[in-house]
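See below for the structure under consideration.
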Amino acid sequence: MNNMPPIPGNPYLPAPLALPLSLVPGTTYSQVMVKLLNRLFSPELADGELDFLEGKVMRVDVLDARLHFSITLRDGVLAAAENNRPHDLSIEGSIYDFLLLATRREDADTLFFNRRLRLGGDTELGLYVKNFLDALELDERIGPFLKLMNGVTTLIGRIPTLPRPRLPKPRLPFPGLGRRSR
């Protein structure tokens, strides 16, 4: 599932903007994201609405931005998952599609059904995450930031003619599989 190319015709982050993002280690993104998400979801965390993530690892891959982060729930708060820990759920897509989801311009069902956001791993856990995101009402909490995200979404939607980022080729699950012997 990792490193699937973006869907042709969908907006993406141009390669020159993606390069600096790819230089930052995934653990750094994970640390930043858990701080942000713990603050953003503090009422939901206090109510136990994210308990379905306890002991589970969710990995998010933003393909065109060349970044990823892994989170888990530990003792009632979101925490960065260890690098060597396998993920139970993975979600991947372009930055544009994640922004469409975050700004509510597109609903999760449409993005997943059209395979613009792709799930891998534990389907039940993925359904919990999707339902949690669908039920969130964040407009009052992130008002000005939502306006900024809408602007970035519109901007990325207008620049699909720039060079596509070069994504790493998918790794084969078993070395040598799919190679012809001479």
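Basis for what follows: all heavy atoms, side chains included, without hydrogens, waters or symmetry-related copies. All values reported here derive from a predicted model rather than from experimental measurement.
Criterion: ILVMFWY side-chain heavy atoms under 4.5 Å apart, direct or through other members. Under it, V34 and F145 are part of a common hydrophobic cluster. Clustering ILVMFWY residues whenever any of their side-chain heavy atoms sit less than 4.5 angstrom apart, transitively, puts L133 in the very cluster that holds M149. Transitive grouping of hydrophobic side chains (ILVMFWY, heavy atoms separated by less than 4.5 Å) keeps Y96 and L155 in distinct clusters. Linking ILVMFWY residues whenever their side-chain heavy atoms come closer than 4.5 Å, directly or via other members, places L136 and L148 in the same cluster. Under a hydrophobic clustering in which Ile, Leu, Val, Met, Phe, Trp and Tyr are joined whenever their side-chain heavy atoms come within less than 4.5 Å, directly or via other members, V32 and L37 fall into different clusters.
A side-chain donor-acceptor contact under 3.5 Å links D88 to the backbone of V57. Checked by atom type and distance alone, the side chain of S30 pairs as donor or acceptor with a backbone atom of S70 at under 3.5 Å. Between the side chain of S94 and the backbone N or O of D64 there is no donor-acceptor pair closer than 3.5 Å. Panel note: side chain N114, backbone T110; a donor-acceptor pair is recorded below 3.5 Å.
Summarising the geometry of E54 relative to G76, their closest heavy-atom pair is OE1-N, 4.1 Å, with the distance given to 0.1 Å.
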Stepwise salt bridge (Lys or Arg N to Asp or Glu O under 4.0 Å) check, R74 with E82: CA-CA 12 Å; R74 199 177 298 129; E82 298 81 20; 3.1 Å; yes
Intermediate values then yes/no, side chain to side chain contact (heavy atoms under 4.5 Å, CB included), L45 and L73: CA-CA 9 Å; L45 286 163; L73 186 73; 3.6 Å; yes
Verdict with supporting geometry, Q31 and F69, side chain to side chain contact (heavy atoms under 4.5 Å, CB included): CA-CA 8 Å; Q31 293 293 334; F69 59 91; over 6 Å; no
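Using a 4.5 Å heavy-atom cutoff, the side chains of L125 and M58 are not in contact. Side-chain atoms of I91 and F112, non-hydrogen and from C-beta on, do get closer than 4.5 Å to each other. Considering only heavy atoms from C-beta on, T72 stays 4.5 Å or farther from L78 through its side chain. At least one side-chain heavy atom of R105 sits less than 4.5 Å from a side-chain heavy atom of T154. For the pair E49/F41, no side-chain contact is recorded, criterion being any heavy-atom separation below 4.5 Å from C-beta on. Taking 4.5 Å as the limit, every side-chain heavy atom of I71 sits out of range of all side-chain heavy atoms of V60.
Around CZ of R85, the count of heavy atoms belonging to other residues, nucleotides or ligands within 6.0 Å exceeds 12.
Side-chain atoms of T153 and N150 form no donor-acceptor pair, as typed in the model, at a separation below 3.5 Å.
The distance from atom CD1 of I95 to atom CG of L63, rounded to the nearest 0.5 Å, is 11.0 Å. Separating the CZ atom in F132 from the CZ atom in F52 is a distance of 6.0 Å, to the nearest 0.5 Å. The CZ atom of R116 lies 4.0 Å from the CG atom of D97; values are rounded to the nearest 0.5 Å.
Applying the side-chain hydrogen bond (donor to acceptor under 3.5 Å, both in side chains) rule to pairs touching residues 119-137 yields D109-K130, K130-D134, sequence neighbours excluded.
Considering only residues two or more places apart in sequence or on other chains, S42 meets the side-chain hydrogen bond (donor to acceptor under 3.5 Å, both in side chains) condition with none of them.
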